[in-house]
Amino acid sequence: MELFRAAVFHTPDNPFHFPLGDRRELICHEDGGLLVRNGRVVACGSYADIRDANPGAATVDWRGGILLPGLIDAHVHFPQVRVIGAMGRTLLDWLDAVALPEESRMADVAYAEDTARFFLHALASHGTTTALVFGAHFAGATALLLEAAARSGLRIASGLVLSDRQLRPDLHTTPERAYRESTELIDRYHKRGRLLYAVTPRFAYSATESMLEVCQQLMTEHSDVRLQTHINENATEVAALARLFPWAADYLAIYERYQLSGNRSVMAHNVHATPSEIDRLAAAGTAVAHCPGSNAALGSGNFPLRRHVHAGVTCALGTDVGGGVGFGILKEGLQAYLMQRLAPDPQTLNAARLLYMATRAGAKALGLEAEIGDFKPGKAADFVYLRPPEGSVLDAVVRHAPDPAQALAAVFMLAGPESVREVRVEGDIVFAAGA
Ligand SMILES: [Zn+2]
C-alpha cells in the first residue's frame with residue numbers, strides 16, 4: 001500500500017448543484033493523503049488520519065505538491081498535433097488549408113506511428129490520463145494509435161474517422177468499407193486493457209445518410225462502444241447542413257434520426273445550439289465536449305454554457321487539438337473561465353467547477369464515472385501530481401494563497417506542463433518528469 005501525501009483536491013459531487021462558494025462544492029485536504037492498493041483508491045482524507053489507521057502503508061512524501069484526479073480530455077484529434085497554432089482562419093477553411101492536408105499524411109504508416117507516439121506523450125505530460133480521441137481517416141493509422149495507446153497505459157477511447165463527402169477525396173471511404181474496417185477495429189481493440197472504441201463520424205457535413213446508417217448499425221451491434229462527433233460548431237457549417245439535410249429541423253435532428261444521440265455519445269462544440277437541441281441532448285443523456293480554446297481560435301463563437309448546465313447537459317472539457325491551443329486541460333479550464341466572463345449570458349465559473357469539468361464531467365461523458373473522475377474509495381487511482389517549479393510565479397501564489405480554493409484557482413491560471421511531476425493510471429506511472 002502506498003500513501004501519497006500532498007494537498008489533495010477532488011469534486012465527487014457536481015459543484016454546479018451548489019451555490020457558488022458553498023463548502024460542499026470542493027473537497028480539499030491541505031495536508032492530505034491518498035491511500036492506494038493494487039491501483040485502487042482505498043482512502044482519501046487527512047494524511048494523519050489515514051496514516052494512523054494504516055500504519056503499514058509506505059508514505060510517498062509529496063508535501064508542497066498538489067494531487068488532482070487524472071485530467072480528462074473529451075475531444076482531441078491525434079493526427080492534428082503538428083498543425084496546432086494556425087491563426088486567422090475559420091472552421092471550413094482551416095480544415096481545407098491546415099487540418100486535412102496533415103490528416104492525409106496519416107496514409108503513411110511510419111509518419112502515423114511517429115505522430116501517435118508523440119501525441120500520447122503530449123497527453124500524459126500535461127496530466128491527461130483519459131482522452132476521447134479522433135483517430136485517422138485510415139484504418140492502419142488508427143490501429144497504430146490504438147496499439148501505441150495500449151502500450152502507453154493511458155485510457156484512450158478512439159476510432160476510425162468516417163467521411164464520404166465534402167473533404168479531400170483521399171480522406172473519403174465508402175459506407176461498406178467503413179463498416180468492415182470499424183468492425184475489425186472494434187473486435188481487436190474495444191475493451192482491450194484500458195482501450196475503448198468510439199464510432200467516429202467526423203460530422204454530418206462530411207457524411208451521407210448511408211454513412212450515418214452504418215454508424216447506427218455499429219452502435220446497435222456493439223452495445224457498449226462509444227460515439228464521438230461534432231455538432232453546431234460554426235455558423236457557416238450549420239447553414240450548409242440545412243442544405244445537405246433539408247428534412248432536418250436542426251443539426252441534432254440529423255444525428256437523432258440515426259439514433260446517434262444518447263448516453264454513449266459525446267458531441268463536440270455545440271456553440272450554435274437552439275434551446276430545443278439543448279433540451280433534447282439533456283433528455284437523451286448526450287454529453288457535450290466544450291472546447292473554448294478552439295472556439296476562440298477558429299472564431300466559432302461563445303459556448304452557451306449556462307443554458308447547457310441549466311438543462312442538465314454534462315459538459316466536459318476538450319482541447320480540440322489542433323484547432324485548439326494545446327494539450328493542457330488546466331489551460332482549457334482557464335479559457336472556459338475567461339470566455340464565460342465575456343459571454344452575453346455568462347455562467348460563472350470557479351476552481352471547483354473547473355476541476356469538475358476537467359475530471360468528473362469527463363468521466364461521466366465517457367460512461368466511466370464508476371471507475372474514474374474523483375478519489376472515492378474503490379475507484380481507479382488515476383491522478384496527477386503537480387509541483388510548481390521552485391521560484392515560479394505559481395509557486396509563490398500557491399504558497400501565499402489564503403485558502404485551498406484560491407490555490408486551486410491559481411493552478412488553473414498558471415500551471416503548465418512544467419508543473420506536472422508525475423502522472424499515474426490505476427497506480428501505474430504513465431509519465432514522470434525527467435524520466
Ligand atoms: Zn474537433
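Ligands are counted one by one from 1 in listed order, and the atoms in each one are counted from 1 as well.
A distance below 6.0 Å separates the ring centres of H308 and F303. Less than 6.0 angstrom separates the ring centroid of F119 from the ring centroid of F327.
K376 meets the salt bridge (charged side-chain N to carboxylate O under 4.0 Å, His left out) test with no other residue; sequence neighbours excluded. Every residue was checked against the salt bridge (charged side-chain N to carboxylate O under 4.0 Å, His left out) condition with E184, not counting sequence neighbours, and none meets it. Remark: H121 pairs with F431 by the ring pair (Phe, Tyr, Trp, His ring centres under 6.0 Å) rule, at least two apart or across chains.
Protein N/O/S atoms found under 2.8 Å from the Zn ion (ligand 1), listed by chain and residue number: H75 NE2, H77 NE2, H230 NE2, D320 OD1.
Checked against P69 for a side chain to side chain contact (heavy atoms under 4.5 Å, CB included), the options V384, T11, T359, I372 give a single hit: T359.
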